[in-house]
Amino acid sequence: MKIAVIGGTGLIGSQVVKILNASGHEAVPHSPSSGVDLLTGQGLAEALRGADVVVNLTNSPTFDDASPAFFQTTMDNLLAAAKAAGVGHAVILSIVGADQVPDLVYYRAKVLQEDILRAGPVPYSIVRATQFFEFMSAVLSWTADERTVRLPATPVQPMASADIAQAVADVSVGRPLMGTRNIAGPEVFALDELGKITLAARGDHRTVTTDSSAGLFAAVSGDALIAKDGAVIAETTYREWLSR
Ligand SMILES: NC(=O)c1ccc[n+]([C@@H]2O[C@H](COP(=O)([O-])OP(=O)(O)OC[C@H]3O[C@@H](n4cnc5c(N)ncnc54)[C@H](OP(=O)(O)O)[C@@H]3O)[C@@H](O)[C@H]2O)c1
């Protein structure tokens, strides 16, 4: 299959391109650095010419109030170009429980992205994943100083980006789901506990202070980010991943 991967230079996109090409498909990465801009539509018609599938793994440059406009414009451009090019399947990567966190504008933006895809003219699949292990560095940096990291005890079920990329690749070469596949990590952690495990593994002697108002995940209530029945559970554990 010929598969256009928009955002194919990113953390997930670059791994999806590798997996697809290694399994005999023709996956082509696209991004602003290769002349394809989903915000302006520049280079998009050319990128989608002859593609059977388009996988959208772009991300908004910020998680703030600008994120809904990013996902609105990029999805409008993507679907118009995919329809014009006769692409038979559009795939996006969203977040488990995104619709359960209305106080986070970035999560509302991801729900908007899903809604636009569902209402659009192209057969589709939505993959919803939990937080990437790789995302922990950013999470720790938001509320850290030289001595402490403040984190809420929000339950999370993180997973390796490699497992997400495999799931996205599998969905991309299948029939459009016309629905959502949820994927999640094998273990649930309180975020402050996950912070302690991460710092210890890195030999970082800062302490973690539990603070229910700290950072983005303070806006999450209960087990909103935990996978529900029917989710696919990935194999890689956090400690295995840390030890690599
Ligand atoms: N973080 C999490 O834990 C999590 C969990 C579930 C789902 N997700 C979703 O996973 C998706 C991928 O995330 P990621 O971490 O792999 O992203 P990333 O590493 O930041 O990569 C983003 C990609 O999008 C490209 N891009 C940015 N603006 C673009 C534009 N205007 N036109 C075309 N391409 C553009 C970038 O190109 P350049 O390299 O040229 O800048 C890059 O290839 C996101 O949609 C995110 O919401 C994230």
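Sequence positions, counted from 1, serve as the residue numbers for this chain. Since we're looking at a predicted model, the values are computed, not measured. Counting starts at 1 for both ligands and their atoms, following the listed order.
Of all protein heavy atoms, the one lying nearest to atom 13 (O) of ligand 1 is N59 ND2, 3.9 Å. Distance from atom 19 (O) of ligand 1 to its nearest protein heavy atom, with residue and atom name: L11 N, 2.9 Å. Ranking protein heavy atoms by distance to atom 32 (N) of ligand 1, first place goes to L38 N, 2.9 Å.
The backbone N or O of T210 sits nowhere less than 3.5 Å from a side-chain atom of D192 that would complete a donor-acceptor pair. Between the side chain of H89 and the main chain of V53, no donor-acceptor pair closer than 3.5 Å is present. For the pair S34 (side chain) and S31 (backbone), a donor-acceptor distance under 3.5 Å is present. Not a single donor-acceptor pair under 3.5 Å links the side chain of D223 to the backbone N or O of I226. With T237 contributing its side chain and E240 its backbone, the two residues share a donor-acceptor pair below 3.5 Å. Although no hydrogens or angles enter the test, the distance criterion places a donor-acceptor pair under 3.5 Å between the side chain of S172 and the main chain of V168.
Only the backbone of L57 comes within 4.0 Å of ligand 1, counting heavy atoms alone; no side-chain atom from C-beta on gets that close. Heavy atoms of F132 found under 4.0 angstrom from ligand 1 belong to the backbone as well as the side chain. With a heavy-atom cut-off of 4.0 Å, F63 does not touch ligand 1 at all. With a heavy-atom cut-off of 4.0 Å, I92 does not touch ligand 1 at all. In S94, the part holding a heavy atom less than 4.0 Å from any atom of ligand 1 is the backbone. Contacts between H30 and ligand 1 below 4.0 angstrom, taking non-hydrogen atoms only, are absent altogether.
Ring geometry for F217 versus F135: interplanar angle over 60°, hence perpendicular rather than tilted (30 to 60°).
Ligand 1 has no N or O atom lying under 3.5 Å from any N or O atom of Q113, backbone or side chain. Of the N or O atoms in F135, none lie within a sub-3.5 Å distance of an N or O in ligand 1. In terms of polar-atom proximity, defined here as any N/O pair under 3.5 Å, A129 makes no such contact with ligand 1. An N or O contact shorter than 3.5 Å links K110 to ligand 1 by distance. Polar contact with ligand 1: absent for F70 (N/O pair, distance under 3.5 Å). Backbone and side-chain nitrogen or oxygen atoms of I95 are examined, and none is located within less than 3.5 angstrom of a nitrogen or oxygen of ligand 1. Residue G13 has no N or O atom closer than 3.5 Å to an N or O atom of ligand 1.
If you check each of P32, P29, S31, S161 against atom 35 (C) of ligand 1, the one with the closest non-hydrogen atom is P32.
When side chains are defined from C-beta on, V173 counts as touching L20, because their heavy atoms get closer than 4.5 Å. Residues K228 and N182 have side chains not in contact (no heavy-atom distance under 4.5 Å, counting atoms from C-beta outward).
There is no protein heavy atom less than 4.0 angstrom from atom 41 (O) of ligand 1.
Near G10, meaning under 4.0 Å from one of its heavy atoms, ligand 1 places the atoms 19 (O), 21 (O), 42 (C), 43 (O). Residue-ligand proximity, T9 to ligand 1, at heavy-atom distances under 4.0 Å covers atoms 37 (O), 38 (P), 39 (O), 40 (O), 42 (C), 43 (O). When each atom of ligand 1 is checked for a heavy atom of I12 under 4.0 Å away, the hits are 16 (O). Of all the atoms in ligand 1, the ones that sit under 4.0 Å from a non-hydrogen atom of Y106 are 46 (C), 47 (O). Close contacts between ligand 1 and Q131 involve ligand atoms 3 (O) [criterion: under 4.0 Å to a heavy atom]. If you number the atoms of ligand 1 from 1 as listed, the ones under 4.0 Å from a heavy atom of G7 come out as 23 (C), 24 (O), 25 (C), 43 (O).
Heavy atoms of T130 approach ligand 1 to within less than 4.0 angstrom.
Contact between V101 and L225 at its shortest, heavy atoms only, is CG2-CD2, 4.0 Å. Of all the heavy atoms in T62 and Y106, the pair that sits closest is O-CD1, 4.3 Å. Annotation for V54 and A82: closest pair CG1-CB, 4.4 Å, computed over non-hydrogen atoms. In terms of heavy atoms, E146 sits closest to R206 at O-CG, 3.1 Å.
Atom CG of L242 is separated from atom CZ of F133 by 8.0 Å, given to the nearest 0.5 angstrom. For the atom pair CG of N77 and CG of N56, the computed distance is 10.5 Å after rounding to the nearest 0.5 Å.
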